[in-house]
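Just so it is clear, the structure is predicted and the values come from calculations on it, not from any experiment. Hydrogens, waters and symmetry mates play no part in the numbers below; they use all other heavy atoms, side chains included. Every number for a ligand or one of its atoms is a count from 1 in the order of the listing.
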Amino acid sequence: MHLLLVEDDPRLVRLLTRLLTQDRHVVDSATTAADGLEIANAAALDAIILDIGLPDGSGFDVARQLRADGSAVPILILTARDAVASRVEGLDAGADDYLVKPFAYEELLARLRALGRRPPPRRGLTLRAGPIVLDETDRRVTVAGEPVDLSQREYAILECLLRRPGQVLSRDQLLDQAWPYGAALTPNTVEAYIHLLRTKLGPDGGAWIETVRGVGYRVRAR
Ligand code: CA
């Protein structure tokens with residue numbers, strides 16, 4: 001998942017960025033409400049992890065602004081306040097879920113998975129295309145039951161494609177989804193990673209990643 005972490009506690013940002021990246025998520029971070037909004041408006045995000053107390057405003061305001069701008073990206077609010085009023089305010093502001101600090105990292109992951117499954121609803125925690133199975137719980141990929149060792153970026157690209165079976169994603173869309181915001185890359189980079197990904201998936205798996213000439217890439221729907 002491409003995640004944005006809006007949090008002003010530098011230690012928490014470092015820790016969560018490290019853990020989430022190890023778990024193969026693409027992570028952007030912002031320490032102010034203004035930077036958070038800027039990245040949220042520019043990047044192709046799967047979810048936002050949003051702190052309430054920010055130096056230049058509250059997470060509630062960020063959530064309200066995003067919803068007012070028409071963004072439907074799932075928002076998970078982090079709150080240090082275990083008060084009912086605070087949680088209600090967060091949900092009313094347009095957040096989808098909340099987590100009270102301090103929290104267990106595994107719970108954060110579970111809630112992100114749940115958010116990622118909201119629209120469109122899916123069954124189970126695996127994404128599939130032909131012989132390719134991506135398990136979102138343990139973040140492993142197999143082809144015909146054989147484990148495939150993918151790099152973080154290859155995994156992120158495959159996940160993007162598998163989430164939208166049959167849908168063509170342009171190189172720019174893949175760059176926005178699978179790389180952090182503002183990464184200095186060219187569409188040729190995407191091409192190179194697709195090539196690596198196909199090679200690692202082998203002939204049976206790689207054949208499911210189709211090139212649509214002049215447009216982009218898609219995973220075969222069936
Ligand atoms: Ca804070």
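Partners of R111 according to the salt bridge (charged side-chain N to carboxylate O under 4.0 Å, His left out) rule, which considers only residues two or more places apart in sequence or in another chain, are D97, E107. By the side-chain contact (heavy atoms from CB on, under 4.5 Å) test, T32 is found to be paired with A34, D35, P55, D56, residues two or more places apart in sequence or in another chain being considered.
Residue Y193 holds its OH atom at 16.0 Å from CZ of R171, rounded to the nearest 0.5 Å. Atom CG in L78 sits 5.0 Å away from atom CZ in F103 (nearest 0.5 Å).
Around the Ca ion (ligand 1), protein N, O or S atoms at less than 3.0 Å number 3.
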Considering only distance and modelled atom types, tabulate donor-acceptor pairs under 3.5 Å from the side chains of residues 41-54, sequence neighbours left out.
| residue | atom | partner | partner atom | Å |
| --- | --- | --- | --- | --- |
| N41 | ND2 | L37 | O | 3.0 |
| D46 | OD2 | H2 | N | 2.7 |
| D51 | OD1 | K101 | NZ | 3.0 |

Exercise. Starting from the C-alpha separation in whole Å, work towards a yes-or-no answer on side chain to side chain contact (heavy atoms under 4.5 Å, CB included) for I132 and D204.
Key: CA-CA 9 Å; I132 308 168; D204 292 344; over 6 Å; no

